[in-house]
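What follows is one structure encoded as structure tokens, with my remarks underneath.
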Amino acid sequence: MTAQLKKDTWTDVCQLDDLVPESGVAVRLGKTQIALFYWPKTGEVFALGNTDPFSSANVIARGIVGDVQGKRVVASPLYKQHFCLETGQCLEDDAVSLMTWPARLEEGQVLIHQP
Amino acid sequence: MTTAKHLVIIGNGMVGHHCVENFLTESESASWRVTVVGEEGYAAYDRVHLSEYFQGKTHQDLALGKAGFEDARLTTLLGTRVTEINREEHQVVLSNGERLHYDKLILATGSYPFVPPIPGHDNKRCFVYRTLDDLDAIASAASAGRTGVVIGGGLLGLEAANALRSLGLETHVIEFAPRLMPVQLDDEAGAILRQKISDLGVQVHVNTATSRIETSGDDRLTLHFAEGEPLTTDVLVFSAGIRPQDALGRQSGLELGERGGIRINNHCQTSDPDIYAIGEVALWQETIFGLVAPGYRMAETAASHLCGQSEPTFLGADMSTKLKLLGVDVGSIGDAHASTAGALSFRYINEAKGQYKKLVTSADGKHLLGAILVGDNSSYDTLLQYYLNDIALPEEPDSLILPTGNAAPQLGVDALPDTATICSCLNVTKGGIVSAIEQGCCSLAEVKSSTDASSGCGGCAAMLKNVVDTTLEARGFEVDHSLCEHFQYTRQELYHLVQVNQIKTFDALIEQFGQGNGCDICKPAVASILAICWNEGVLDAQHVKLQDTNDTFLANMQKDGTYSVVPRIAGGEITAEKLLVIGQIAKDYNLYTKITGGQRIDLFGAQLHQLPPIWKRLVDAGFETGQAYGKSVRTVKSCVGSTWCRYGVQDSVGMAILLENRYKGLRAPHKLKFAVSGCTRECAEAQSKDIGVIATEKGWNLFVCGNGGMKPRHADLFATDLDDVTLIQTIDRLLMFYIRTADRLQRTARWMENLEGGLDYLKAVILDDSLGLASELEQQMEHQLESYACEWKTTLEDEQKLKRFRTFVNSPDADDNIVFVQERDQIRPATNEEKHNLIATA
């Protein structure tokens, strides 16, 4: 019963085909905008808030992905701050971070876990 | 409060100006006020580069003084002469009758050109070559003429000949002595120089004495010589030497030399301790110094002495010179004529290349006493350091001037003492450079701005770089040129790796030559290199992940996440029909419109998913992408040109359109801006662009490496009177060389400043093909341009690429966080506060 409930909180947001390798796309869930990044070398998908805290614009999905100081990151396309893909933490400002959601691939679908 | 003491400086030339600048920066000068009296109507300007006035430079370009040099203590009276000095009353009398009291007086009146008393020398077609007014008068007399003659084959005479030649006159040089530049050169050097100058079309007559000048029937001049046929000319310029402008010294009874010049002591004081004399009017130990560097030293000495300092003193100066006359290198050091007892000479002559090099050493061959160089000045800097610092010569001194196949042996910077002068214009020593580095300067640019080294004639640029690099290395300084943490290479090195190893993708490059996964620094840089080398579309699948958002979506992201759209409007020329199309699209999509500085139209406020339909309509109407988003060729701005303008001399719009269509789409380390002006009035502001083209009667003058922006830089004149084909060939080579060698995000101005050898080196590579690269550069450019395709057109034809242009991949909705308000009848992004209120009231 618990397992069933847990499975229900995983939401199907788009297809694998919609993702771009080593780059981002945006989805919306109600009022929430989520940036999805696909890391094909490991098959991982990362889900972060799409709103850039420094500009309040919904642009995180359009940043360049890479690694800095050993952390996998996305760079905001506006003012170039880096955010850790795994934790959402901003590398330039300890006080700033993006929301993150667990995400995974299943049978060609992208699933996001909503608490 | 005590009244400020008053310093009056007579003369507003280079030396007078240098003295004022130095004096006012001394703290002891706080209690002084300064009045400068200048006879010319212009503020002080660079007389050394006077001939560039005819190549399009203006008084403003030549003006001296650091930008914003203003001081409340300083009064400058231009267009004013001092007619009398009254030493007893401590007063000077001005040409307007006014009298000024002085506490101290500095004479920096310079010199005047000597005009030999040949009958007819005062004809209205006879000129001298000293001031901007002289140059204006020469230009106006030359405008309807065919022929120009310079009397005097010395350094200034050859400068004047170059000026006449650049005015389009058939030019003659008349020299009384048996060779050109008799003071600096010997007979063989003079002969080589004469040959080189004759090859350029300047006719040289040595051993020729002019006996009289007559007006011919058609208002021209006929020169009669002691021997030989007379010569008819439209313009005659006297350049037969200079004389100190010492009239005020004579009038006021100061001690003069037998042949003129006001005597000074080691502090530059005249026989009246309250009066100083500096520059070409001053006579120090029976010598007049006709060069700018010794004048500057005197200016600094006088300024310090006025402030109560007994140091520095003026103890004479080296008169060695290095210059380019009519494009020919000439250098002369020390005892060029080997007049020292027992001196030995070593000579190298290459008639094929027109080169002459001569060393004069002490009898034991250990010390350099002098040198002459014609046709190749590459060893000048090294020889000058041997000479000035009395460094022991190598066992075979001639190895310094003989061709070695490899680079000539360079004098190691370590061998130089700290007192060695590196920049003689600004008097910067090796010690000064080393101490600038010890105080924290870590690059050539920082050393330059801290010490002013190499900001005068620029001749020391290569030597300066050498000293900076060596000093930094000696201090264990590792100058890190790595692009980022993923690549320990510069952009230029990566470019070579990609080309040599035929690398086609970022993944292959980082696997072989880098580490990690890349980042927002290296990915776009490598994408640009790949685009140049292999010419593949930036949106091809394997490159998509490398691009900045602007390149990915072929539009410019604005602060609210919307994009702006800029169609190409080549040369700023657009039809009414196309204007209507843009207007209708802006209206239909509610876009904010603004005219850009590059003469096109920017449409703001489009969301990601709106870009393809907007571009579909633009492409259908015949527009192409303007590439405003790329590090690539942007616009070619133009004035309206000869087609409509009554002043225009060439079709600047036609040339602008040709250039813009030729180079559109070309990717570069940074954006590139061009402009074409139809005449010298320069309405298109071409001299502030990377590539600036200005029409002349005969073709086009090309200016390069200018920019506006954060650190503006005037473009440098690169080549003159080019025809269309040569203009384009030159731009092809220059741009491709820039693309191949510049650093990431380095605009052409900084690139050129950082090239070892600067502008001269660039000219050698591009115009003289010194690296043998020219045809390769042209071919590569041709290859680039052949494969141009409008990125928006190809994107619209590709369903897979269009998939990227979705605001959300799971919804057709727009981003409801993008909110506009109205301002001046158009949209603008709402502020956070406005958004809040709008949502609250909704």
Side-chain angles (χ1 to χ4, degrees), chain A residues 11-42 50-52 54-83 85 91 109-110 112, chain B residues 484-486 506-507 510 514-524 527 539 541-553 555-563 607-609 800-801 803-819 829-832 835-836 839:
Chain A
T11 311
D12 180 353
V13 289
C14 64
Q15 298 183 334
L16 172 59
D17 200 33
D18 292 317
L19 299 182
V20 183
E22 284 181 76
S23 188
V25 298
V27 295
R28 65 182 297 170
L29 283 179
K31 283 261 164 209
T32 310
Q33 294 196 19
I34 298 175
L36 298 176
F37 300 95
Y38 179 36
W39 201 271
K41 285 177 198 163
T42 58
N50 193 34
T51 306
D52 172 16
F54 296 93
S55 62
S56 305
N58 297 314
V59 295
I60 292 297
R62 292 174 239 160
I64 293 181
V65 164
D67 58 0
V68 172
Q69 298 153 25
K71 293 192 174 76
R72 289 182 286 182
V73 294
V74 58
S76 162
L78 277 168
Y79 303 113
K80 315 295 177 194
Q81 292 90 356
H82 298 93
F83 299 93
L85 289 180
L91 267 52
Q109 296 291 313
V110 182
I112 284 181
Chain B
C484 64
E485 66 179 71
H486 303 101
F506 179 83
D507 291 343
I510 201 165
Q515 56 194 354
N517 295 291
C519 66
D520 53 309
I521 308 262
C522 59
K523 282 182 168 179
L539 291 192
Q542 71 270 34
H543 303 319
V544 160
K545 64 181 183 184
L546 306 178
Q547 312 292 349
D548 269 323
T549 183
N550 290 358
D551 279 302
T552 308
F553 299 113
N556 291 45
M557 184 185 271
Q558 303 300 326
K559 62 191 281 186
D560 62 347
T562 62
Y563 290 86
Q607 289 204 35
L608 195 51
H609 59 273
Q800 207 53 37
K801 285 177 178 163
K803 266 183 72 178
R804 286 286 273 158
F805 293 84
R806 291 182 289 176
T807 298
F808 302 111
V809 296
N810 67 341
S811 156
D813 293 345
D815 180 353
D816 54 16
N817 184 47
I818 291 170
V819 182
T831 62
N832 278 339
K835 263 188 214 174
H836 206 77
I839 293 164

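Naming: A, B, ... by sequence-line order, numbering from 1 per chain. Hydrogens, waters and symmetry mates are skipped; everything else that's a heavy atom, side chains included, is used.
- More than 12 heavy atoms of other residues, nucleotides or ligands sit less than 6.0 Å from atom NZ of A:Lys41.
- Atom CD1 of A:Ile64 and atom OG1 of B:Thr552 lie 7.0 Å apart (nearest 0.5 Å).
- Using a 4.0 Å cut-off between charged side-chain N and carboxylate O, A:Lys80 and B:Asp520 make no salt bridge.
- Atom NZ of B:Lys559 has 12 or fewer neighbouring heavy atoms from other residues, nucleotides or ligands inside a 6.0 Å radius.
- Among A:Ala75, A:Gly24, A:Ser56, the residue making the largest number of heavy-atom pairs under 4.5 Å with chain B is A:Ser56.
- A distance of 12.0 Å separates CG in B:Asp560 from CG in A:Asp52, rounded to the nearest 0.5 Å.
- Most heavy-atom pairs under 4.5 Å with chain A, from the set B:Thr549, B:Asp815, B:Asn550: that is B:Asp815.
- Contact record, B:Val544 with A:Val20: CG1-CG1, 4.0 Å, taken as the closest heavy-atom pair.
- Evaluation of the salt bridge (charged side-chain N to carboxylate O under 4.0 Å, His left out) rule for A:Glu22 yields B:Lys523, B:Lys545 as partners, not counting sequence neighbours.
- Of the two parts of A:Asp12, neither the backbone nor the side chain holds a non-hydrogen atom closer than 4.5 Å to a non-hydrogen atom of chain B.
- The side-chain contact (heavy atoms from CB on, under 4.5 Å) test with B:Val809 is passed by exactly one of A:Leu19, A:Val110, A:Val25: A:Val25.
- Comparing A:Gln15, A:Arg62, A:Lys31, A:Arg72 by heavy-atom pairs within less than 4.5 Å of chain B, the highest count is held by A:Arg62.
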